[in-house]
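Down below is the structure, laid out as structure tokens.
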Amino acid sequence: LPSNIKILENNLIKNRITNVLLVDCLVSDYVGEADFQVPAIKDSGSGFIAQNQNENTITAQVTTLDEFCSGYSTAIICMDVEGFEFQVLNGALSLINHQRPAIIVEVNKNYLEKRANISLSEFFEFFISNNYLCYYIGKLGLELVDIKNFKVRSNKNWLCIPEEHSHLEKKISFSLFVNGINPLFKYFHFK
């Protein structure tokens, strides 16, 4: 969103941050152009790739993570792309298969189905077929996703870890727990 890009550019300058690369493009499973649905002013983070051009769309450049990240080492992918997470992941298959990054992804069942035309079980299967374990991210730790008993939660984020790094689950879960109870720890410990 052009207005968000300007705000980010100003923040980088104002805070003298020089180690951030700001890229003005969309990410999907192809390289080219797409129509981007501009969100309402009050909801500036909810734009998405539109199926059809209309008065609320702008044309934007599109790339893939495989294309953009070629030559970079990638340890983690974090995304919230309003239902198009599956397309972004498909555009990162080489990166996922060769570098095996951890992936934090928003999982909104309605957006996946309505915007990306993919079912929740197909989305989950992407991770399973690429040998990843999926966990709900909670305030007090991680919980393994059971797709057969999927629960809609207020925090729709999953952490997906390559099976060969499954030992990280306990460390990450413990860190979430400690940070989650930290305010209580201060209250009881110092009172």
Write down the atom of [X], the atom of [Y], and the distance for their closest heavy-atom approach.
{"X": "Gly83", "Y": "Tyr111", "value": "CA-CB, 3.6 Å"}
{"X": "Tyr30", "Y": "Ala34", "value": "OH-CB, 3.1 Å"}
{"X": "Cys160", "Y": "Val105", "value": "SG-CG1, 4.2 Å"}
{"X": "Pro101", "Y": "Leu95", "value": "CG-CD2, 3.5 Å"}
{"X": "Gly91", "Y": "Thr64", "value": "O-CB, 3.3 Å"}
{"X": "Glu113", "Y": "Leu120", "value": "OE2-N, 4.5 Å"}

Are the side chains of [X] and [Y] in touch, meaning some heavy atoms are under 4.5 Å apart?
{"X": "Met79", "Y": "Leu89", "result": "yes"}
{"X": "Ile172", "Y": "Ile161", "result": "yes"}
{"X": "Ser28", "Y": "Phe84", "result": "no"}
{"X": "Gln61", "Y": "Asp24", "result": "no"}
{"X": "Phe127", "Y": "Val145", "result": "no"}
{"X": "Asn157", "Y": "Val107", "result": "no"}

Legend entry - side chain to side chain contact (heavy atoms under 4.5 Å, CB included) between Val27 and Phe68, intermediate numbers included: CA-CA 9 Å; Val27 181; Phe68 183 79; over 6 Å; no
Return the [atom1] to [atom2] distance between [X] and [Y], rounded to the nearest 0.5 Å.
{"X": "Asn131", "Y": "Ser166", "atom1": "CG", "atom2": "OG", "answer": "11.5 Å"}
{"X": "Leu93", "Y": "Asn130", "atom1": "CG", "atom2": "CG", "answer": "6.0 Å"}
{"X": "Ile103", "Y": "Cys134", "atom1": "CD1", "atom2": "SG", "answer": "8.5 Å"}
{"X": "Glu164", "Y": "Leu133", "atom1": "CD", "atom2": "CG", "answer": "9.5 Å"}
{"X": "Ile104", "Y": "Ile76", "atom1": "CD1", "atom2": "CD1", "answer": "4.0 Å"}
{"X": "Ile137", "Y": "Ser173", "atom1": "CD1", "atom2": "OG", "answer": "10.5 Å"}

Legend entry - Step-by-step side chain to side chain contact (heavy atoms under 4.5 Å, CB included) determination, Glu82 to Glu106: CA-CA 8 Å; Glu82 304 303 310; Glu106 181 190 44; 4.3 Å; yes
Inset, instruction - Specify whether Phe150 and Tyr136 have parallel, tilted or perpendicular ring planes, treating 30° as the upper limit for parallel and 60° as the lower limit for perpendicular. - result: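 The rings of Phe150 and Tyr136 sit tilted, inter-plane angle from 30° to 60°.
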Inset, instruction - Look at the aromatic rings of Phe123 and Trp158 and report parallel, tilted or perpendicular, splitting at 30° and 60°. - result: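 The rings of Phe123 and Trp158 sit tilted, inter-plane angle from 30° to 60°.
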Legend entry - Residue pair Val88, Asp29: steps toward the side chain to side chain contact (heavy atoms under 4.5 Å, CB included) verdict: CA-CA 5 Å; Val88 173; Asp29 54 358; over 6 Å; no
State yes or no: do [X] and [Y] share one hydrophobic cluster built from I, L, V, M, F, W and Y residues joined by side-chain heavy-atom distances below 4.5 Å, directly or via other members?
{"X": "Leu112", "Y": "Ile128", "result": "yes"}
{"X": "Leu8", "Y": "Leu21", "result": "no"}
{"X": "Leu65", "Y": "Tyr72", "result": "no"}
{"X": "Leu176", "Y": "Leu168", "result": "yes"}

N/O donor-acceptor pair under 3.5 Å between [X] side chain and [Y] backbone:
{"X": "Asp66", "Y": "Ser94", "result": "yes"}
{"X": "Gln99", "Y": "Thr74", "result": "yes"}
{"X": "Ser70", "Y": "Glu67", "result": "no"}

Legend entry - Criterion side chain to side chain contact (heavy atoms under 4.5 Å, CB included) on Gln87 and Ile118, from CA distance to verdict: CA-CA 10 Å; Gln87 286 78 356; Ile118 183 162; 5.6 Å; no
Inset, instruction - Return yes when atom CZ of Phe126 has more than 12 non-hydrogen atoms of other residues, nucleotides or ligands closer than 6.0 Å, and no otherwise. - result: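 Count over threshold, so yes.
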Inset, instruction - Decide whether Glu122 and Ser119 meet the rule of one side-chain donor and one side-chain acceptor closer than 3.5 Å. - result: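 Short answer, yes.
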